[in-house]
Amino acid sequence: MAAGTVTKPSSRTAASHARARRRRNPLGVFGALSHIALAIWAILIIGPILWTFLASFKTNTEIFGDALALPASYGWDAWGRAWEKAHIGQYMLNTVFVVACSTAGTMLLGSMAAYVLARYSFPGNRAIYFLFVSGMTFPVFLALVPLFFVVKNLGLIDTHLGVILVYIAYSLPFTVFFLSAFFKTLPTSVAEAAMMDGCSHTRTFFQIMMPMAKPGLISITIFNILGQWNQYLLPIVLLSGNVEDKWLITQGVANISTSAGYEADWPGLFAALSMAIIPVMIIYIVFQRQIQSGLTTGAVK
């Protein structure tokens with residue numbers, strides 16, 4: 001009896017500890033495998049970015065010699081050549097202006113369209129919504145030729161305004177798709193209370209509903225900035241070689257490798273790439289919590 005009274009509590013204690021361990025690590029082996037996969041994925045992403053940054057401090061001989069070796073010295077000559085001779089600074093300013101204007105236009109028009117489609121019922125509501133969503137399935141390169149002639153007929157070819165309008169048009173489908181789902185999760189009672197207090201539809205949207213949708217708006221804004229900043233096909237079609245002073249940063253980076261021929265300045269190219277990557281990385285690092293909050297809030301509500 002004495003032995004039995006000692007072993008039973010110990011067995012119950014061991015079982016409770018085992019259940020506690022399972023609760024702390026519910027995925028077990030699959031959780032460990034997922035962490036390993038994420039670590040490998042992080043290395044695959046961070047590795048090329050780090051190598052690009054280090055290559056900007058090397059010479060052509062070092063790059064084509066031992067590619068994995070560290071630079072012999074950390075001078076900023078290649079960065080200076082990329083900024084001054086390749087005019088990356090000017091291209092970056094052009095890109096900031098174009099992306100800022102196009103993102104602002106996309107968010108204004110996209111949020112209004114998404115709000116109406118999500119909160120109001122009227123004939124053709126679903127047809128308009130699916131028309132927006134169908135834009136996400138249309139590859140960009142299929143519309144390059146007709147797009148060029150449309151912009152040319154409007155007199156906007158080789159202008160930043162033409163690029164801004166095209167960016168807005170191509171960013172609206174995903175913006176409307178994302179925000180319409182987000183606006184549907186917002187409580188209807190708040191909008192009804194605002195209307196009862198005398199708010200117009202416009203005031204209700206801008207002063208009540210938009211602040212409530214702030215997490216979703218921040219998330220889609222960052223996505224639009226990243227997509228438009230890295231765009232290459234549209235600028236190269238809409239901004240020809242006759243207006244190099246209006247080029248965007250992707251055109252400037254590509255021009256470094258194509259204009260020099262066999263005497264390509266590879267350190268300068270990698271320095272230009274680093275200049276193009278750093279602003280995007282800073283934006284994502286600063287707003288990563290808002291992006292995650294916007295995605296999870298829309299999924300949970």
For this session: To the nearest 0.5 Å, tell me how far S274 OG sits from M281 CE.
Result: 10.0 Å

For this session: Establish whether I236 and L142 are linked, either directly or via other cluster members, by ILVMFWY side-chain heavy-atom contacts under 4.5 Å.
Result: yes

Exercise. Mind checking whether L186 and R119 have side chains closer than 4.5 Å, heavy atoms only?
Worked result: yes

Seminar exercise, completed: Nearest heavy-atom approach of A118 to K184 is CB-CG, 3.7 Å

Exercise. Can any side-chain N or O of N230 pair as donor or acceptor with the backbone N or O of L226 at less than 3.5 Å?
Worked result: yes

Problem set entry | Same cluster (ILVMFWY, side-chain, under 4.5 Å), V150 and I157 | yes

Problem set entry | ILVMFWY cluster, L161 and L238 together (side-chain gap under 4.5 Å) | yes

Exercise. Side-chain contact, heavy-atom cut-off 4.5 Å: V163 with K246?
Worked result: no

Exercise. Are the side chains of I256 and I88 in touch, meaning some heavy atoms are under 4.5 Å apart?
Worked result: yes

For this session: Hey, can you tell me if Y120 and H201 have their rings parallel, tilted or perpendicular (30° and 60° cut-offs)?
Result: perpendicular

For this session: Return yes when atom OH of Y74 has more than 12 non-hydrogen atoms of other residues, nucleotides or ligands closer than 6.0 Å, and no otherwise.
Result: yes

Problem set entry | Close side-chain approach of F122 and L117, heavy atoms under 4.5 Å | yes

For this session: Hey, could you give me the OG/CZ distance between S111 and F205, rounded to the nearest 0.5 Å?
Result: 3.5 Å

Exercise. Is a donor on one side and an acceptor on the other found under 3.5 Å between the side chain of R81 and the backbone of A271?
Worked result: no

For this session: Looking only at non-hydrogen atoms, find the nearest pair between G105 and I168 and report the distance.
Result: CA-CD1, 3.9 Å

Problem set entry | Side chain W247, main chain S240, donor-acceptor under 3.5 Å | yes

Exercise. Side-chain heavy atoms under 4.5 angstrom apart, residues restricted to Ile, Leu, Val, Met, Phe, Trp, Tyr: same cluster for F138 and F132?
Worked result: yes

Exercise. Hey, does F178 have a side-chain heavy atom less than 4.5 Å from the side chain of N224?
Worked result: no

Exercise. Under a 4.5 Å cut-off applied to non-hydrogen side-chain atoms, are E244 and H87 in contact?
Worked result: no

For this session: Enter the distance from L248:CG to W229:CH2 here, rounded to the nearest 0.5 Å.
Result: 9.5 Å

For this session: Look at the aromatic rings of F57 and F53 and report parallel, tilted or perpendicular, splitting at 30° and 60°.
Result: perpendicular

For this session: Check whether W51 and I43 end up in the same hydrophobic cluster, where Ile, Leu, Val, Met, Phe, Trp and Tyr are linked by side-chain heavy atoms less than 4.5 Å apart.
Result: no

Exercise. In Å, rounded to the nearest 0.5 Å, how long is the span from CG of L233 to CZ of F141?
Worked result: 9.0 Å

For this session: Write down the atom of A194, the atom of T204, and the distance for their closest heavy-atom approach.
Result: CB-OG1, 4.0 Å

For this session: Using modelled atom types only, decide if a donor and an acceptor are shared between the side chain of T95 and the backbone of I249 within a distance under 3.5 Å.
Result: yes

Problem set entry | Check: Q207 side chain, C199 main-chain N or O, donor-acceptor pair, under 3.5 Å | no

Exercise. Mind checking whether V253 and M275 have side chains closer than 4.5 Å, heavy atoms only?
Worked result: no

Exercise. Hey, does the side chain of T103 reach the backbone of A100 with a donor-acceptor pair shorter than 3.5 angstrom?
Worked result: no

Exercise. Got L147 and L234 here, is their nearest side-chain heavy-atom distance under 4.5 Å?
Worked result: yes

For this session: Identify the heavy atoms of M136 and P173 that sit nearest to each other, and give their distance.
Result: CG-CB, 3.7 Å

Problem set entry | Under 3.5 Å: donor-acceptor pair, side chain of K58, backbone of W266 | no

Problem set entry | Ring geometry between F174 and F177 (parallel below 30°, tilted from 30 to 60°, perpendicular above 60°) | tilted

Problem set entry | Y167 to P235 - nearest heavy-atom pair and separation | OH-CG, 3.1 Å

Exercise. What distance do L273 atom CG and L269 atom CG have between them, rounded to the nearest 0.5 Å?
Worked result: 5.0 Å

Exercise. Under the side chain to side chain donor-acceptor pair (under 3.5 Å) test, which residues partner Q90, sequence neighbours left out?
Worked result: N94

Exercise. If you take all heavy atoms of P211 and I208, which pair is closest and at what distance?
Worked result: CD-O, 3.4 Å

Exercise. Atom CG in L108, atom CZ in F206: separation rounded to 0.5 Å?
Worked result: 5.5 Å

For this session: Mark yes or no for whether T250, through its side chain, and Q231, through its backbone, hold a donor-acceptor pair below 3.5 Å.
Result: yes

